[in-house]
J.: 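What follows is a single structure, and I will ask about it in a moment.
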Amino acid sequence: DTGVSQNPRHKITKRGQNVTFRCDPISEHNRLYWYRQTLGQGPEFLTYFQNEAQLEKSRLLSDRFSAERPKGSFSTLEIQRTEQGDSAMYLCASSLGQQGFYGYTFGSGTRLTVV
Amino acid sequence: DQQVKQNSPSLSVQEGRISILNCDYTNSMFDYFLWYKKYPAEGPTFLISISSIKDKNEDGRFTVFLNKSAKHLSLHIVPSQPGDSAVYFCAASFFSGNTPLVFGKGTRLSVIA
């Protein structure tokens, strides 16, 4: 068990380009979450999966954002036509079932900078 | 509308003293509350949690208190250590922890040696 792994750690992209981030959760965890954190804010929920099913999407997740979790294992978050406002830390977390008393396990995040 | 509020952006405490971090929430349907700690360049790490059926939960130096009538919870760290210096996030969820966590903005704790 190596924890939740996110790649890349940093991404700099030009406005208008597409970017894709990957998250590998803890292997036995069936739930996977994506959050976004900007400076001075707490993590904001984007979407989550139970196995391969995407159960909920936040209104923050515009049409330019899409997330997948094929086969209920790793997940990808794609942002199309990036905007400067997309610059943020993108955090992935996983849990076994509902987080209950033990919370999620977060990865170290992918920092996106749109120039 | 911010449902989980941490109104103190920062807090400084001397080593060995008590640190008290506060959190208020607006939605009375929240029934699970958690605290996370975050160091720079790392993801948040789960610290301690409490169910709404309890008013206190303790784990070593960390104690969380819940006051449902005031919609307020607090995290006490005793004694504070320099390694506790981090950003602390309060989070809440509905339905026995079955919904995505809603986080506050965080409080930066500095423990001064």
Side-chain angles (χ1 to χ4, degrees), chain A residues 2-10 21 23-26 29-50 53-61 67 88-111, chain B residues 1-10 21 23-25 27 30-54 57-59 62 64 66 75 86-108:
Chain A
T2 56
V4 177
S5 177
Q6 291 190 246
N7 288 289
R9 290 294 306 272
H10 304 275
F21 311 140
C23 172
D24 288 272
I26 291 172
H29 284 185
N30 60 342
R31 287 196 175 183
L32 186 149
Y33 309 82
W34 285 100
Y35 280 78
R36 179 176 72 185
Q37 185 178 14
T38 53
L39 197 62
Q41 302 294 317
E44 296 173 298
F45 169 72
L46 293 177
T47 188
Y48 89 101
F49 294 83
Q50 179 158 300
Q54 189 171 18
L55 294 190
E56 187 175 341
K57 292 192 288 187
S58 161
R59 65 181 186 276
L60 291 176
L61 211 67
M89 174 73 81
Y90 289 83
L91 293 163
C92 176
S94 68
S95 69
L96 182 60
Q98 61 196 60
Q99 73 273 0
F101 215 63
Y102 299 103
Y104 307 152
T105 302
F106 278 90
S108 296
T110 294
R111 180 166 296 284
Chain B
D1 61 334
Q2 200 175 4
Q3 300 186 72
V4 178
K5 302 178 184 180
Q6 293 177 258
N7 293 319
S8 298
S10 62
L21 296 100
C23 177
D24 298 293
Y25 60 96
N27 195 325
F30 285 135
D31 59 5
Y32 257 103
F33 304 90
L34 302 90
W35 286 93
Y36 280 80
K37 178 169 73 173
K38 186 180 184 303
Y39 294 119
E42 294 183 12
T45 302
F46 170 74
L47 196 57
I48 191 169
S49 63
I50 189 167
S51 162
S52 60
I53 63 173
K54 296 188 174 184
N57 187 32
E58 195 170 353
D59 183 2
F62 302 92
V64 56
L66 175 62
L75 175 67
V87 178
Y88 289 79
F89 292 101
C90 173
S93 90
F94 305 101
F95 304 120
S96 301
N98 202 31
T99 59
L101 292 173
V102 178
F103 285 83
K105 290 186 177 183
T107 297
R108 181 177 299 279

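Letters go in sequence order (proteins before strands), and every chain restarts at 1. Every value quoted in this text rests on a predicted model; they were computed, and no experiment measured them.
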J.: For a quick test of reading the model, state the closest non-hydrogen atom pair linking B:Ala41 to A:Arg9 and the distance between them.
T.: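 Answer, listing the atom of B:Ala41 first, then A:Arg9: O-NH2, 3.0 Å.
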J.: For residues A:Gln37 and B:Phe89, report the shortest heavy-atom separation together with the two atoms involved.
T.: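 Scanning both residues, the minimum pair turns out to be NE2-CZ, 3.2 Å.
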J.: For A:Tyr33 and B:Leu101, indicate whether the former's side chain and the latter's backbone hold a donor-acceptor pair under 3.5 Å.
T.: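 No; judged by distance alone, with no hydrogens or angles, the pair does not exist.
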J.: First locate atom OG of B:Ser93, then atom CZ of A:Phe45, and finally report the distance between them rounded to the nearest 0.5 Å.
T.: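 Between atom OG of B:Ser93 and atom CZ of A:Phe45 there are 11.5 Å.
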J.: Over 60° means perpendicular and under 30° means parallel, so classify the ring planes of B:Phe103 and A:Phe106, tilted if in between.
T.: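 Plane angle over 60°, so perpendicular.
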J.: Checking A:Gln6 against chain B: side chain, backbone, both or neither under 4.5 Å from a heavy atom?
T.: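 Nothing of A:Gln6, per the 4.5 Å heavy-atom cut-off to chain B.
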J.: Answer whether the closest heavy-atom distance between the side chains of B:Tyr39 and A:Ser108 falls below 4.5 Å.
T.: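 The answer is no; the side chains never approach within 4.5 Å.
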J.: What pair of heavy atoms forms the shortest contact from A:Leu91 to B:Gly43, and how long is it?
T.: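 Heavy atoms of A:Leu91 and B:Gly43 come nearest at CD2-CA, 4.3 Å.
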J.: Would you say the side chain of A:Tyr104 lies within less than 4.5 Å of the side chain of B:Pro44, judging by non-hydrogen atoms?
T.: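 No, their side chains stay 4.5 Å or more apart.
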